[in-house]
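Chain identifiers are assigned alphabetically (A, B, ...) following the order of the sequence lines, protein sequences preceding nucleic acid strands; residue numbering begins at 1 within each chain.
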Amino acid sequence: MADKEEKLLRLRHSFSHVMAEAVLQMFPSTKFAIGPAIEHGFYYDFDLPRSITPEDLEKIEQIMKTIISGNHAFIRKVINKKEALDLFKDQPFKIELIQGLPEDEEISVYTQNTFTDLCRGPHAENTKDLNPCAFKLLTIAGAYWRGDEKNPMLQRIYGTAWETPKELRSHLEWLKEVEKRDHRRLGRDLDLFSTHEEAGAGLIYWHPKGARIRTIVEDFWRREHFRCGYEYLYSPHIGKSWLWQTSGHLDFYSENMYSPMSIDEQDYYIKPMNCPFHILMYKTRMRSYRDLPLRWAELGTVYRYERSGVLHGLLRVRGFTQDDAHIICTPAQIEGEILEVLRFSLNMWKAFGFTEIKAYLATKPEKSVGDDEQWEKARASLKKAIDTQGLAYDIDEGGGAFYGPKIDLKIKDALGREWQMTTIQFDFNLPERFDMTFIDQDNTEKRPYMVHRALLGSIERFFGVLVEHYAGAFPVWISPVQAAVIPVAPAFYDYAVKVENILKEADIRVVADVGNDRMNAKIRNAQNQKIPYMLILGEKEESAGHVSVRTRKGEQKNGLPVDEFIAFIKEKIEKKENV
RNA sequence: GCCUUUGUAGCUCAGCAGGCAGAGCACCUCCAUGGUAAGGAGGGGGUCAUCGGUUCGAUUCCGAUCAAAGGCUCCA
């Protein structure tokens with residue numbers, strides 16, 4: 001497996017060089033930046049005399065195929081810095097890269113056919129190792145040189161490349177599937193949510209069916225939290241500048257905050273986070289070590305400024321609801337609390353059908369608050385929790401926030417894509433800033449530990465991922481409509497309504513379709529709406545008090561007594577199973 | 001915010017060397033409708049994203065703005 005990945009990496013990197021050569025043939029004045037292999041393919045950044053178009057991509061592909069069929073070797077050569085600077089004297093980006101290399105670094109260049117590039121490698125041995133029918137140029141994008149918006153914008157060409165045409169085809173199929181599952185498309189088709197440009201970008205409107213799902217998710221979430229020893233809070237949406245000054249948000253987070261509104265000549269800010277409010281509640285009375293730990297949760301809606309170019313459906317918005325909680329505890333309790341949060345989180349993901357989860361542990365950055373001992377204790381408890389759960393993890397050395405280390409969880413969806421959702425963050429900053437204290441056993445004032453955590457992350461993003469994970473065909477317990485009653489003809493509309501009422505009585509979300517369509521159209525509509533169960537009713541069913549069940553998967557079970565169907569669907573709901 | 005592309009009916013999309021705006025689906029009405037993925041007929045619906053410019057005349061050409069898509073950076 002590792003061998004295969006290594007091989008793919010060489011191929012993709014080589015395709016990237018071949019593309020660069022093709023682009024150079026088309027535009028002899030091209031300046032080259034960088035062109036690495038990436039997941040599923042490769043890219044290369046160029047500075048070009050004009051914007052390239054999708055038609056250009058086809059031409060570039062053709063030239064690439066010609067180059068590949070020339071059976072050119074990839075030849076590696078080691079040169080010294082002076083030679084390198086001379087070789088790339090017309091390539092300012094390469095010069096910059098060379099000058100950035102450490103003095104003792106070995107500088108290598110790779111040449112195939114007419115093209116030589118500064119490159120560490122590795123590459124395929126020969127262009128004949130590249131299958132000319134196993135790659136495709138996909139998209140053109142702008143990208144800053146070295147990812148810095150102060151630098152010039154280059155043109156990036158993305159391509160996908162594989163060992164065989166068959167793998168390419170299946171990747172293109174996968175891309176089609178990604179498009180089909182796009183939550184923005186499904187959100188409209190299934191009537192779940194909308195956004196309104198005329199009323200503001202990045203703000204979500206939840207339609208009845210989307211809102212229904214949201215209440216199901218939130219009800220479940222709250223119940224689980226109460227069961228796990230959390231209390232629920234409500235806090236305001238705005239706060240005076242004193243609050244945000246004290247918390248430090250005005251100093252360190254203001255680029256994400258909206259301008260203040262003036263109320264009685266005081267500046268009020270809409271909240272980008274919930275924590276300061278929870279802290280004020282903590283400070284309303286003296287806290288004893290006996291009160292700790294406090295686990296305070298809130299589905300708190302926050303607003304953050306996001307640059308217009310980054311907004312994306314439900315996944316990146318300007319107003320969202322965090323499934324937030326703050327755990328305030330003694331240093332001695334911290335390890336157990338972290339363990340419990342992680343366990344809780346994994347259970348939550350399991351309930352919604354996600355089981356592949358990876359942890360990222362971010363440790364102390366150079367600039368930080370809090371003493372080393374605190375950091376170490378926190379890091380150790382995070383690490384221990386990950387180990388106890390047996391999670392796969394990566395360590396992001398120095399990647400923590402200045403106020404504390406954290407674990408982020410990335411969950412994998414049905415298409416194998418990773419989404420960063422859960423975050424568990426220590427905070428050594430706010431307890432200090434707000435002077436939070438508790439009275440310990442020895443009757444001295446001590447500083448509590450504080451942990452922020454969001455399990456689903458944000459309800460909006462979670463919903464977007466949920467939609468894509470299930471392609472809109474939600475498990476029965478989440479489906480906004482669990483059953484559609486479809487009479488075969490108007491003569492059975494009365495019975496259809498009767499069955500609908502019986503199911504409603506049993507708390508099943510059901511709709512009887514007694515409209516003007518013919519039965520076939522009703523089945524098609526229910527199918528397109530991804531309703532789990534269709535109950536088809538005609539004379540046979542009415543006279544026996546039965547229903548005939550068609551699932552959205554096309555399975556069929558005829559002549560089921562209504563009670564039996566209720567018991568059946570109740571079990572599906574109870575066990576959180578799919579159809 | 002920046003780069004590229006895009007914006008015509010609720011949705012998917014035609015159209016136009018500058019000269020009265022089109023289809024399918026959806027919606028409404030009527031007719032029809034007894035068995036597992038679209039019954040039929042008729043009808044309503046558009047300041048061609050917005051604002052400005054060029055022109056006798058702009059949905060079409062030009063500019064700005066807004067929004068969307070794919071990226072860059074950042075993040076729940």
Does this structure show an ion pair linking [X] with [Y], if we count only N-O contacts that are shorter than 4.0 Å?
X: A:E337; Y: A:R295; result: yes
X: A:R307; Y: A:E149; result: yes
X: A:E418; Y: A:K358; result: no
X: A:R156; Y: A:D45; result: yes

From [options], nucleotide with atom closest to [X] side chain:
X: A:E541; options: B:G35, B:G34, B:A76; answer: B:G35
X: A:T139; options: B:C2, B:G70, B:A37; answer: B:G70
X: A:I536; options: B:A76, B:G1, B:U36; answer: B:U36
X: A:S458; options: B:A76, B:A68, B:G35; answer: B:A76

Item to check | P gap between B:G19 and B:C25, integer Å | outcome: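 Result for the P pair: 29 Å, nearest Å.
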
* In whole angstrom, give me the gap between the P atoms of B:G70 and B:U12. =>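 That atom pair is separated by 14 Å.
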
Tell me, which of residues 510-528 of chain A have any heavy atom that sits under 4.0 Å from an atom in RNA chain B?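 Hits under 4.0 Å, by residue number: A:N516, A:R518, A:M519, A:N520, A:A521, A:I523, A:R524, A:Q527, A:N528.
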
Contact list for RNA chain B against residues 394-417 of chain A - heavy-atom distance below 4.0 Å |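 Under 4.0 Å from RNA chain B: no residue of residues 394-417 of chain A.
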
- Please name all residues satisfying side-chain contact (heavy atoms from CB on, under 4.5 Å) with A:V511, sequence neighbours left out, ordered by chain then number.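 A:V511 satisfies side-chain contact (heavy atoms from CB on, under 4.5 Å) with A:V481 only.
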
Quick one: does A:R453 reach the base of B:A76 with a side-chain donor-acceptor pair under 3.5 Å?
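A donor-acceptor contact between them is absent.
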
- Within residues 340-349 of chain A or reaching into it, pairs that qualify as salt bridge (Lys or Arg N to Asp or Glu O under 4.0 Å) - sequence neighbours excluded: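 Matches after skipping sequence neighbours: A:E340-A:R343.
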
Exercise. Quick one: salt bridge (Lys or Arg N to Asp or Glu O under 4.0 Å) pairs with a partner in residues 171-186 of chain A, sequence neighbours left out?
Worked result: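 Output for this query lists A:E173-A:K176, A:E177-A:K180, A:E177-A:R181, A:D182-A:R184.
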
Here's a test of your reading of the structure: between A:L154 and A:R188, which maps to the more 5' nucleotide of RNA chain B?
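On the 5' side of the pair lies A:L154.
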
Taking only N/O atoms, report every protein-nucleotides 73-75 of chain B pair under 3.5 Å with atom names and distance.
| unit_1 | atom_1 | unit_2 | atom_2 | d |
| --- | --- | --- | --- | --- |
| B:C74 | O2 | A:R316 | NH1 | 3.0 |
| B:C74 | O2 | A:R316 | NH2 | 2.2 |
| B:C74 | N3 | A:R316 | NH1 | 2.9 |
| B:C75 | O2 | A:R461 | NH2 | 3.2 |

Note to self: Enumerate the side chain to side chain donor-acceptor pair (under 3.5 Å) contacts for residues 396-413 of chain A, please, sequence neighbours excluded, ordered by first and then second residue.
What the structure shows: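 Non-adjacent pairs meeting side chain to side chain donor-acceptor pair (under 3.5 Å): A:T363-A:E397, A:Y403-A:Q425, A:K406-A:D408, A:D408-A:T423, A:D413-A:R417, A:D413-A:W419.
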
Inset, instruction - Determine, using ring centers only, whether A:F252 and A:F402 are less than 6.0 Å apart. - result: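 Here the rings of A:F252 and A:F402 have centres that are less than 6.0 Å from each other.
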
- Query: Counting heavy atoms not belonging to A:E255, are there more than 12 under 6.0 Å from its CD?
  - Reply: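 Yes, the 6.0 Å shell around CD holds more than 12 heavy atoms from other groups.
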
Pairs under 3.5 angstrom only: tabulate donor-acceptor contacts from the side chains of residues 554-562 of chain A to other protein residues two or more places apart or in another chain.
| unit_1 | atom_1 | unit_2 | atom_2 | d |
| --- | --- | --- | --- | --- |
| A:E555 | OE1 | A:T551 | OG1 | 3.4 |
| A:Q556 | NE2 | A:N558 | OD1 | 2.8 |
| A:N558 | OD1 | A:S548 | OG | 3.3 |

Per-residue pairing states of RNA chain B in dot-bracket (Watson-Crick or G-U under 3.5 Å; . unpaired, | other strand) read (((((((..((((.....[..)))).(((((.......))))).....(((((..]....))))))))))))....

Show me the donor-acceptor pairs, under 3.5 Å and distance only, between side chains in residues 451-464 of chain A and residues at least two apart or in other chains.
| unit_1 | atom_1 | unit_2 | atom_2 | d |
| --- | --- | --- | --- | --- |
| A:H452 | ND1 | A:H326 | NE2 | 3.0 |
| A:H452 | NE2 | A:D427 | OD2 | 2.7 |
| A:R453 | NH1 | A:H225 | NE2 | 3.0 |
| A:R453 | NH1 | A:Y230 | OH | 3.2 |
| A:R453 | NH2 | A:H225 | NE2 | 3.1 |
| A:R453 | NH2 | A:D323 | O | 3.1 |
| A:S458 | OG | A:E460 | N | 3.4 |
| A:S458 | OG | A:R461 | N | 3.0 |
| A:E460 | OE1 | A:T321 | N | 2.8 |
| A:R461 | NE | A:L315 | O | 3.3 |
| A:R461 | NH1 | A:Q420 | O | 3.0 |
| A:R461 | NH2 | A:L315 | O | 3.4 |

Only pairs under 3.5 Å count here: list side-chain donor-acceptor contacts from residues 29-36 of chain A, not counting sequence neighbours, and write none if there are none.
| unit_1 | atom_1 | unit_2 | atom_2 | d |
| --- | --- | --- | --- | --- |
| A:T30 | OG1 | A:F27 | O | 2.5 |
| A:K31 | NZ | A:D90 | O | 3.4 |

Letter by letter from the 5' end, nucleotides 44-49 of chain B scores (B base, S sugar-phosphate only, - none; protein heavy atoms under 4.0 Å) ------

